[in-house]
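This structure is a prediction, so every number in the text was calculated from the model and none was measured. Start at 1 with the first residue, then count along the sequence.
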Amino acid sequence: VQLQASGGGLVQAGGSLRLSCAASGGTFNSYAMGWFRQAPGKEREFVAVISRSGRSTYYADSVKGRFTISRDNAKNTVDPKMNSLKPEDSGVYYCAADARTIIGSTWYSQDNEYHFWGQGTLVTVSS
């Protein structure tokens, strides 16, 4: 499956941004969809994941309560909505896909567990 992330940009602290990841070339509802981010000089870190059906989501503690991830299996898209953005949310955001259940699992928070990746979209939050 091919993934294309979009929606990044420059936003002031406290603002909101919605990213999107469009998938093609596969059966979209077969894939759990994760989001990761990488700030300059730092390792890539887990942000959120949504199950294949969209009924289950998990978030990193750093974004819990501020970010909401959803997916539209008819449109082959997954869209994290990011609210109350902070400068520390800045970085390149990547979407990723893997054809495994996230229910009762922990693999989804590890970037090396995903088979497919998008190219990334840059989010910059100014203070």
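Looking at every heavy atom in both residues, C95 comes nearest to A5 through SG-CB, 4.1 Å. The nearest pair of heavy atoms linking G91 to Y93 is O-CD1, 3.4 Å. Closest non-hydrogen pair, P87 versus A13, comes out as CD-CB, 4.1 Å. Between S56 and I103 the shortest heavy-atom distance is OG-CD1, 3.1 Å.
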I'd like to know whether C21 forms a side chain to side chain contact (heavy atoms under 4.5 Å, CB included) with M33, so could you lay out the CA-CA distance, the side-chain angles of the two residues, the decisive distance to 0.1 Å, and finally the verdict.
CA-CA 9 Å; C21 179; M33 298 298 298; 4.1 Å; yes

May I have the step-by-step check of side chain to side chain contact (heavy atoms under 4.5 Å, CB included) for I69 and V49, ending in yes or no?
CA-CA 7 Å; I69 188 170; V49 66; 5.9 Å; no

Passes side chain to side chain contact (heavy atoms under 4.5 Å, CB included), D98 versus Y108? Steps please.
CA-CA 9 Å; D98 199 87; Y108 55 80; over 6 Å; no

Can H115 and Y31 be said to form a side chain to side chain contact (heavy atoms under 4.5 Å, CB included), step by step?
CA-CA 10 Å; H115 275 84; Y31 298 96; over 6 Å; no

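For the residue pair S20/D79, the side-chain donor-acceptor check at 3.5 Å is satisfied. Checked by atom type, the side-chain pair S16/N83 shows a donor-acceptor distance below 3.5 Å.
Under the 4.5 Å side-chain heavy-atom criterion for ILVMFWY residues, no single connected hydrophobic cluster contains both L19 and F46. Placement of V92 and V11 in two distinct hydrophobic clusters is found when ILVMFWY residues are connected by side-chain heavy-atom separations under 4.5 Å, directly or transitively.
To the nearest 0.5 Å, atom NZ of residue K81 and atom CZ of residue R66 are 13.0 Å apart. Expressed to the nearest 0.5 Å, how far OG1 of T77 lies from CG of L3 amounts to 12.0 Å. Atom OG of S126 and atom CG of L85 lie 10.0 Å apart (nearest 0.5 Å). Note that CD of Q119 is 4.0 Å distant from CD of Q4, once rounded to the nearest 0.5 Å.
In this structure, S53 contributes its side chain and R55 its backbone to a donor-acceptor pair below 3.5 Å. S90 contributes a side-chain N or O that, together with a main-chain N or O of V125, makes up a donor-acceptor pair within less than 3.5 Å. Checking side-chain atoms of T27 against main-chain N and O of S30 turns up no donor-acceptor pair under 3.5 Å. Without hydrogens or angle criteria, R71 side chain to G54 main chain gives no donor-acceptor distance under 3.5 Å.
For Y94 and F36, the ring centers sit 6.0 Å or farther from each other.
With respect to D89 and K86, no salt bridge is recorded, no charged nitrogen being found less than 4.0 Å from a carboxylate O.
Within 6.0 Å of atom NZ in K75, 12 or fewer heavy atoms from other residues, nucleotides or ligands are found, so the atom counts as exposed in its surroundings. Counting heavy atoms of neighbouring residues, nucleotides and ligands inside a 6.0 Å radius, atom NZ of K64 exceeds 12 of them.
A cation-pi arrangement is absent between R44 and W35 under the rule of less than 6.0 angstrom and at most 45 degrees off the ring axis. Taking the ring centre of Y114 as origin, the terminal cationic atom of R100 falls outside the region bounded by 6.0 Å and 45° from the ring axis.
L10 belongs to no multi-residue hydrophobic cluster, having no ILVMFWY side-chain contact under 4.5 Å with any other such residue.
In this structure, D111 and W117 have side chains that are in contact, with non-hydrogen atoms separated by less than 4.5 Å. Y58 has its side chain within reach of I102: a pair of non-hydrogen atoms, C-beta onward, lies under 4.5 Å apart. Put simply, the side chain of E45 does not reach to within 4.5 Å of the side chain of Q38, judged on heavy atoms. With contacts defined as side-chain heavy-atom distances shorter than 4.5 Å, the pair V47/R37 qualifies.
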